[in-house]
2 protein chains.
Amino acid sequence: MRMTSQREIILKELQDSHQHLSADELYERVKKIMPRISLATVYRNLETLSEAGIIGKLEISGRQKRFDFDIHPHDHIYCLQCHRVDNIDFDRNLVNPAEVASDKGYQITGYRVEFKGICSACRRNQKKREDGDKK
Amino acid sequence: MRMTSQREIILKELQDSHQHLSADELYERVKKIMPRISLATVYRNLETLSEAGIIGKLEISGRQKRFDFDIHPHDHIYCLQCHRVDNIDFDRNLVNPAEVASDKGYQITGYRVEFKGICSACRRNQKKREDGDKK
DNA sequence: TTACAATTGATAATTATTATTAGAAGGGGT
DNA sequence: ACCCCTTCTAATAATAATTATCAATTGTAA
Ligand SMILES: [Mn+2]
Ligand SMILES: [Mn+2]
Ligand SMILES: [Zn+2]
Ligand SMILES: [Zn+2]
């Protein structure tokens with residue numbers, strides 16, 4: 001794998017963001033630095049980079065894929081309202097795949113714990129709207 | 001919500017299947033009983049039924065939605081190869097959302113544990129192929 | 001019955017993603 | 001520096017899953 005300038009910028013933007021960006025969000029950011037880049041290049045490189053284990057790919061249920069600068073195993077929570085995704089501090093030792101393995105004859109290779117809820121920003125907005133209604 | 005004949009058949013087919021069917025799989029089955037039904041009707045009713053809490057909606061990461069005749073809270077495992085989805089016997093008491101709640105100011109409303117692996121059928125096929133290669 | 005809202009089938013539109021392809025670039029070996 | 005080969009890119013087409021639109025139909029209740 002060559003480290004092309006496109007690839008480098010995509011990687012750097014994702015890492016600097018410290019967020020879980022989707023391909024098109026990243027595209028918007030990268031375009032500011034390299035205006036002629038193609039969306040397909042962003043998709044292609046995110047795929048390549050995640051296959052190489054340099055970044056993580058997050059497949060949150062029923063939503064757009066997001067990419068993670070942080071590759072160590074951890075879990076996530078997403079906001080039902082604004083769809084942002086955050087890391088969550090969940091003790092993965094609580095889950096023992098081996099215990100559950102026999103169940104249906106599956107050979108288990110991994111698992112994800114995915115929390116959902118309303119993020120603090122969205123809750124603030126909600127409260128603001130409710131207060132407005134009362135007046 | 002009216003219980004139309006379309007809705008009734010869709011519901012019955014899902015429940016009788018005892019599987020986690022996708023909209024188009026269900027469409028194929030329902031067509032055999034009601035050949036003029038539209039795919040959009042299947043999608044529409046699966047949405048309506050799951051909103052009403054009569055069936056479950058399964059949003060497995062990065063894949064097609066699947067619907068569940070069984071609405072009590074439980075978790076799933078899917079096969080990386082053939083994409084089938086099965087229930088898994090995981091003790092949900094092990095996870096305590098309240099414990100994790102404070103983390104980012106989220107108000108947590110639920111969570112899913114999603115295992116992945118290779119199902120027994122796919123493992124058999126894999127083994128068969130390997131044995132074939134040796135010869 | 002009439003009146004109205006809910007629902008349907010057909011189809012168009014949308015969203016996210018992957019495939020195709022002709023051309024460009026990188027990097028040895030000479 | 002030049003050639004060759006492979007990898008990569010931009011632009012665009014294609015695909016897959018789902019949702020939106022809308023005119024026509026149906027169910028229900030006054
Ligand atoms: Mn993360
Ligand atoms: Mn289930
Ligand atoms: Zn939010
Ligand atoms: Zn399988």
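In what follows, every chain begins at residue 1, and chains take the letters A, B, ... in the order their sequences are listed.
The separation between Gln64(B) atom CD and dT15(D) atom P is 17 Å, rounded to whole Å. As rounded to whole Å, 13 Å separates atom C1' of dA17(D) from atom CG of Leu46(B). When the C1' atom of dT18(D) is taken as reference, atom CD of Glu59(B) falls 12 Å away, rounded to whole Å. Whole-Å rounding puts the Ile10(B) CD1 to dG9(C) C1' distance at 12 Å. Between the CZ atom of Phe67(B) and the C1' atom of dA17(D) there is a distance of 11 Å, rounded to whole Å. Rounded to an integer number of Å, the gap from CD of Glu51(B) to P of dT19(D) is 10 Å. For the pair Tyr27(A) OH and dA16(C) P, the computed distance is 14 Å after rounding to whole Å. Between the CZ atom of Arg36(A) and the P atom of dA25(C) there is a distance of 11 Å, rounded to whole Å.
Residue side chain Arg2(B) does not reach the base of dT7(C) through any donor-acceptor N/O pair under 3.5 Å, judged by distance alone. Residue side chain Arg44(A) reaches the base of dA10(D) through a donor-acceptor N/O pair under 3.5 Å, judged by distance alone.
Looking only at side-chain heavy atoms (C-beta outward), Arg112(A) and Lys116(B) stay at 4.5 Å or farther from each other. Side-chain contact check for Ile108(B) versus Ile88(A): some heavy-atom pair is nearer than 4.5 Å.
Closest to the Tyr43(A) side chain, of the nucleotides dA11(D), dG9(C), dA16(C), is dA16(C). Between dT7(C), dT9(D), dT18(D), one nucleotide has an atom nearer to the side chain of Lys65(B) than all others, and that is dT18(D). For Ala40(A), counting side-chain heavy atoms from C-beta on, the closest listed nucleotide (dT12(D), dT9(D), dA20(D)) is dT12(D). Distance from the side chain of Arg7(B) is smallest to dT7(C) among dT17(C), dA10(D), dT7(C). With distances taken from any side-chain atom of Thr41(B) to the nucleotides dT8(C), dA11(D), dA20(D), the minimum falls on dT8(C).
Each of Lys57(A) and Met3(B) has a nearest nucleotide on DNA chain C; the 5'-most of these lies closest to Met3(B). Between Thr48(A) and Thr4(B), the residue whose closest nucleotide on DNA chain D is further toward the 5' end is Thr48(A).
Taking CZ of Arg66(A) as the reference point, atom NE2 of His83(A) lies at 9.0 Å (rounded to 0.5 Å). How far NE2 of His20(B) is from CG of Leu26(B): 13.0 Å, rounded to the nearest 0.5 Å.
With respect to Arg63(A) and Glu59(B), no salt bridge is recorded, no charged nitrogen being found less than 4.0 Å from a carboxylate O.
Taking 4.0 angstrom as the limit, Gln6(B) places none of its side-chain polar atoms (N or O) nearer than this to OP1 or OP2 of dT26(D).
Asp24(B) comes within 4.0 angstrom of no nucleic acid atom, judged by non-hydrogen atoms across all strands.
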